[in-house]
Amino acid sequence: MPTYSLVDGNSFYCSCERAFNPRLKGKPVVVLSNNDGCVIARTSEAKALGIRMGEPWHEVRKRPECKTVMWFSSNYALYADMSRRVFDVLETFSPHVEPYSIDEMFMSLDGIGGDLAEYGRRIRSTVLKATKIPTCVGIGPTKTIAKLANKHAKDAHDLGGVCDLREERNRLELFGRWPVGEVWGIGPASAQRLERHGVRTVLDFIRMDARHVRDELSVVGARIQEELKGNSCLPLSMVAPMRKGLAVTRSFGTPVTEWQGMEEAIAAFAYRAGEKLREHGLVAGHLTVFMRTSEFRPGPKYGNQAAFTIEPTSDSLTLVKLATRAAHRLWRDGYTYAKGGVMLNDLTPPGARTGDLFPSKDPVKSANLMATLDELNARFGRGAVRSGATGLDRKWTVRTGNLSPRYTTSFEDALVVRA
DNA sequence: TCTGGGGTCCTAGGACCC
DNA sequence: TCTGGGGTCCTAGGACCC
């Protein structure tokens, strides 16, 4: 059975600010989004004041008890640099580290003997010493369980920041108390659907009929259920897959009512999008432009987007020209626009042709897929599983028996083969 | 039993994540 | 005055092909 751990920086953005400013220690600190609009990170002291994630800062700062809160505009260059430092430390503990987000890293602890909780404590103290970033460590037989363990390590202060849920008997009692919505991948919509079936806790969910889960929550839910049962479906991938798209979008600081203002904004977004593209050494073959009125303010609502294929490019001026032309078609007079953006998709290295395979495609996933395809073909006969089967988690076209349904999804078969 | 079958590509929209 | 900015994956359905 594999062993995963998830190492997660506590109040990461705030901790980064604290790392360079000792006076912030023990004080309520928040980091704000672009334009200083909302709170996107807060220390435990700030949480204790009732400041919620995503709350508009202009509302929070008015509250008397929040007058003393120290606040920072976000500094993503700093946070990315701190994230890399944490990664470097973790690599001294395991050769298999997958950065999942700026503040979370999955690690494989396979083959590491002894007391893993003790190992986790050593990871924490080493990271803290080297980077001044406090962390929590969750350990489990699957990524999804490691994620839950990490959350528990954060909540239960008697654990010393480390929680090991490898043993099933240690899990089940906790699972019976946790709402299913706390599981990684189960959001509000899924939780509501499950509630309708009387499923409230993680334990309820594990005990739900697998086919039923698939019908309600698709393969995504089925995979999560397997993971919670202790069967690993989500492998570690150390190679970052090639970026699939990028976006530059903003809420406007002051609402836009004139075409000229919109034109300038879209041009700036497109220009910046081109810069990002060049930073990654890629060109884009698909461009999307959108604009919309505020969701929060009264008045006439309007929103629209235009998406189209372009000659692959990363040239900012070309992108600006194409994007503003598209924006012009979307523009309607008489509205107060609050938001807009430019998105780029179909990213490839320059000069790539249709059908090229890029080395940056995740080799771990690819190897798993090919092995699984081979096994399925061996089982159902050569050529039984055809293209279109692009992963464990996608459509499988299985040519056995009657052909009636257009696609036969045999996720269960895939799981059997894996096991 | 069965009312063409199998496939690709594209788009839109939903859901979730940090 | 002021309400984030990114991302990923999955599903469904239409157009089109042989």
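Bear in mind that the values here come from a model prediction, so they are computed numbers and not experimental data. Each chain gets a letter, A, B and so on, in the order its sequence line appears, and its residues count up from 1.
More than 12 heavy-atom neighbours from other residues, nucleotides or ligands sit within 6.0 angstrom of CD on A/Glu295. Remark: A/Arg207 CZ is loosely packed, at most 12 non-hydrogen atoms of other residues, nucleotides or ligands lying under 6.0 Å away.
In this structure, A/Phe175 and A/Trp178 have tilted ring planes: the angle between them lies in the 30° to 60° band. Classification of the A/Tyr302-A/Tyr335 ring pair by plane angle, with boundaries at 30° and 60°, yields parallel. Ring-plane geometry between A/Tyr13 and A/Tyr76 is classed as perpendicular, the angle between the planes exceeding 60 degrees on a 0 to 90 degree scale with a lower cut at 30.
Taking a cutoff of 4.0 Å between a charged side-chain nitrogen and a carboxylate oxygen, A/Lys276 and A/Glu279 do not qualify as a salt bridge. Contact check on A/Glu45 versus A/Arg18 returns a salt bridge, with a Lys/Arg side-chain nitrogen under 4.0 Å from an Asp/Glu carboxylate oxygen. Salt bridge annotation for A/Asp81-A/Arg84: present, with a cationic side-chain nitrogen under 4.0 angstrom from a carboxylate oxygen.
Comparing C/dC16 with B/dG4, their C1' atoms sit 16 Å apart, to the nearest whole Å.
In this structure, CE in A/Met107 is found 12.0 Å from CD in A/Glu98, a value given to the nearest 0.5 Å. In this structure, CG on A/Asn10 lies 6.5 Å from CZ on A/Arg124, to the nearest 0.5 angstrom.
A/Val39 comes within 4.0 angstrom of nothing in the nucleic acid, heavy atoms only. A/Ser294 comes within 4.0 angstrom of no nucleic acid atom, judged by non-hydrogen atoms across all strands. Looking at heavy-atom distances under 4.0 Å, A/Leu246 makes contact with sugar-phosphate atoms alone, never a base. At the heavy-atom level, A/Gly245 lies under 4.0 Å from the strands shown only through sugar-phosphate atoms. Residue A/Phe12 is classed as having no contact, given no heavy-atom separation below 4.0 Å to the nucleic acid. Using a 4.0 Å heavy-atom cutoff across all strands shown, A/Asp103 reaches sugar-phosphate atoms only and no base atom. Using a 4.0 Å heavy-atom distance criterion, A/Pro255 is classed as a sugar-phosphate-only contact.
Taking only side-chain nitrogens and oxygens, A/Ser33 never comes nearer than 4.0 Å to OP1 or OP2 of C/dG5. Phosphate proximity of B/dA15 to A/Arg193: absent, as no side-chain N or O sits under 4.0 Å from OP1 or OP2. Within the structure, every side-chain polar atom (N or O) of A/Thr249 is placed at least 4.0 Å from both OP1 and OP2 of C/dG4. Using a 4.0 Å cut-off, no side-chain N or O of A/Lys339 falls inside it from OP1 or OP2 of C/dT3. Side-chain nitrogen and oxygen atoms of A/Lys276 include at least one within less than 4.0 Å of the OP1 or OP2 phosphate oxygen of C/dG6. Put simply, A/Arg297 has no side-chain N or O that comes within less than 4.0 Å of OP1 or OP2 on C/dT3.
For the pair A/Lys244 NZ and C/dG7 C1', the interatomic distance rounds to 10 Å; values are reported in whole Å. Rounded to whole angstrom, the span from the CD atom of A/Glu279 across to the P atom of C/dG6 amounts to 12 Å. Rounded to an integer number of Å, the gap from A/Phe290 CZ to C/dG5 C1' is 10 Å. Residue A/Lys147 contributes atom NZ, which lies 8 Å from atom P of B/dC17 at whole-angstrom precision. Rounding to whole angstrom units, CD1 of residue A/Ile102 and C1' of B/dC17 are separated by 14 Å. For the pair A/Arg223 CZ and C/dT8 P, the computed distance is 15 Å after rounding to whole Å. For the pair A/Leu347 CG and C/dG6 P, the computed distance is 14 Å after rounding to whole Å. We find that CG of A/Asn35 is positioned 8 Å from P of C/dT3, with the value rounded to whole Å.
Residues A/Arg166 and A/Ile145 fail the side-chain proximity criterion, which asks for heavy atoms closer than 4.5 Å.
Checking A/Arg278 against A/Ser316 by side-chain atom types alone, a donor-acceptor pair falls below 3.5 Å.
At a non-hydrogen distance threshold of 4.0 Å, A/Val183, A/Trp184, A/Gly185, A/Ile186, A/Gly187 from residues 174-187 of chain A come into contact with DNA chain B. In the region residues 54-62 of chain A, proximity to DNA chain C at under 4.0 angstrom, judged on heavy atoms, holds for A/Pro56, A/His58. Within residues 69-79 of chain A, no residue is approached by DNA chain C to less than 4.0 Å at the level of any non-hydrogen atom.
Stem list for DNA chain B (at least 3 consecutive Watson-Crick or G-U pairs, distances under 3.5 Å): B:5-18 with C:5-18.
Taking the side chain of A/Ser251 as heavy atoms from C-beta on, and the options B/dA15, C/dG4, B/dC18, the nearest nucleotide is C/dG4. Relative to the side chain of A/Val248, the nucleotides C/dG6, C/dT3, B/dC17 differ in distance, and C/dG6 lies closest.
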**Message:** Could you walk me through whether A/Cys16 and A/Ile133 satisfy the side chain to side chain contact (heavy atoms under 4.5 Å, CB included) test, starting with their C-alpha distance in whole Å, then the side-chain angles of each, then the deciding distance to 0.1 Å, before giving a yes or no?
**Reply:** CA-CA 7 Å; A/Cys16 291; A/Ile133 299 290; 4.0 Å; yes
**Steps toward salt bridge (Lys or Arg N to Asp or Glu O under 4.0 Å) verdict (A/Glu226, A/Arg223)** = CA-CA 5 Å; A/Glu226 279 305 308; A/Arg223 201 165 42 197; over 6 Å; no
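Residue order along DNA chain C, read from the 5' end via each residue's closest nucleotide, puts A/Phe296 first among A/Phe296 and A/Val220.
Between A/Tyr100 and A/Phe106, the distance separating the two ring centers is shorter than 6.0 angstrom.
Checked against A/Glu55 for a salt bridge (charged side-chain N to carboxylate O under 4.0 Å, His left out), the options A/Lys47, A/Arg63, A/Arg42 give a single hit: A/Arg63. Of the residues A/Asp346, A/Thr318, A/Leu319, the one that meets the side chain to side chain contact (heavy atoms under 4.5 Å, CB included) test with A/Ile310 is A/Leu319.
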Mind listing the side-chain donor-acceptor pairs of residues 248-259 of chain A below 3.5 Å, one per line with the distance, residues two or more places apart or on another chain?
none

Name the pairs: protein N/O against N/O of nucleotides 11-14 of chain B, kept only if under 3.5 Å.
none

